[in-house]
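Taking it in order: structure first as structure tokens, then the write-up.
Remember, predicted model here, so these are calculated numbers, not experimental data.
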Amino acid sequence: MSSPSPGKRRIDTDVIKLIESKHEVTILGGLNEFIVKFFGPVGTPYEGGVWKVRVDLPEKYPFKSPSIGFVNKIYHPNIDEASGTVCLDVINQAWTALYDLSNIFESFLPQLLSYPNPIDPLNGDAAALFLHKPDQYKEKISEYIRRYATEEALKEQEELSSSSESIISDFSEDEAQDMEL
């Protein structure tokens, strides 16, 4: 029997380290695809928020950076509101094999939420509010947390997605096709 490749061992090690830390990890399709529950950093407008962050590890991890995105909505200049895509140089361009998954959730994302970069935004509205109307920016973050990033909001979203899946499965294939027409 052959031993696992160095990349596979590194994925195993990094994911286990993340699971053993304070982060709740839900494995989706093997250790290279999972969701991490991420809490807003204390002392920031995001404090009290709870987000699910999807992580996809490429085959060449750790030499190639992971792909990360927020599953539930967050209001931030460097995070696309619709897709959850994160614009963060240290993950997108400056990634090295010296970093691991814990760096993302214990350092990089907390830093991003603490110190947005409105000069290179993915969300232009958030960047403009951050720069010109900081009080409204903080109010908007609070509104998003209440609507999308509380434990209750996450439970509601899960219930809605599971009930819509069961509603779809209650129809026969012919009935489903008729509804599409």
Checklist entry - Within the side chain of E47, is there an N or O that forms a donor-acceptor pair under 3.5 Å with the backbone of G43? => result yes
Checklist entry - According to the salt bridge (Lys or Arg N to Asp or Glu O under 4.0 Å) rule, which pairs have a member within residues 96-120, sequence neighbours left out? => result K17-D100
Next on the checklist: Are L112 and I79 packed together at the side-chain level, in the sense that at least one heavy-atom pair is separated by less than 4.5 angstrom?
Outcome noted: yes
Next on the checklist: Between Y99 and L101, is there shared hydrophobic-cluster membership here, with clusters defined by ILVMFWY side-chain heavy atoms closer than 4.5 Å?
Outcome noted: yes
Next on the checklist: Does anything in residues 132-149 form a salt bridge (Lys or Arg N to Asp or Glu O under 4.0 Å)? List the pairs, not counting sequence neighbours.
Outcome noted: E143-R147
Checklist entry - Below 4.5 Å, heavy atoms only, C-beta onward: do F108 and L113 meet side chain to side chain? => result no
Checklist entry - Side chains of Y46 and I74: closer than 4.5 Å at any heavy-atom pair? => result yes
Item to check | Value rounded to 0.5 Å, distance of CD1 in I16 from CG in D12 | outcome: 5.5 Å
Per-pair distances, 0.1 Å, donor-acceptor, side chain in residues 23-38, under 3.5 Å, sequence neighbours excluded:
{"residue": "E33", "atom": "OE2", "partner": "R54", "partner atom": "NH2", "Å": "2.6"}
{"residue": "K37", "atom": "NZ", "partner": "E151", "partner atom": "OE1", "Å": "3.2"}

Checklist outcome for this item: Across all chains, not counting sequence neighbours, the side chain to side chain contact (heavy atoms under 4.5 Å, CB included) partners of P77 are P116, A126, A127, F130, Y137
Which donor-acceptor pairs under 3.5 Å do the side chains of residues 63-70 make with protein atoms, sequence neighbours left out?
{"residue": "S65", "atom": "OG", "partner": "I91", "partner atom": "O", "Å": "2.9"}

Checklist entry - Any donor-acceptor pair under 3.5 Å linking the side chain of S107 with the backbone of I104? => result no
Checklist entry - Which side-chain hydrogen bond (donor to acceptor under 3.5 Å, both in side chains) pairs, counting each pair once, include a residue from residues 68-95, with sequence neighbours left out? => result D80-S83, E81-Y144, S83-T85
Next on the checklist: Check for me, please, whether L109 and V71 land in the same ILVMFWY cluster - side-chain distances under 4.5 Å, paths through other members count.
Outcome noted: no
Item to check | Interatomic spacing from CD in Q111 to CG in N117 - rounded to 0.5 Å | outcome: 12.5 Å
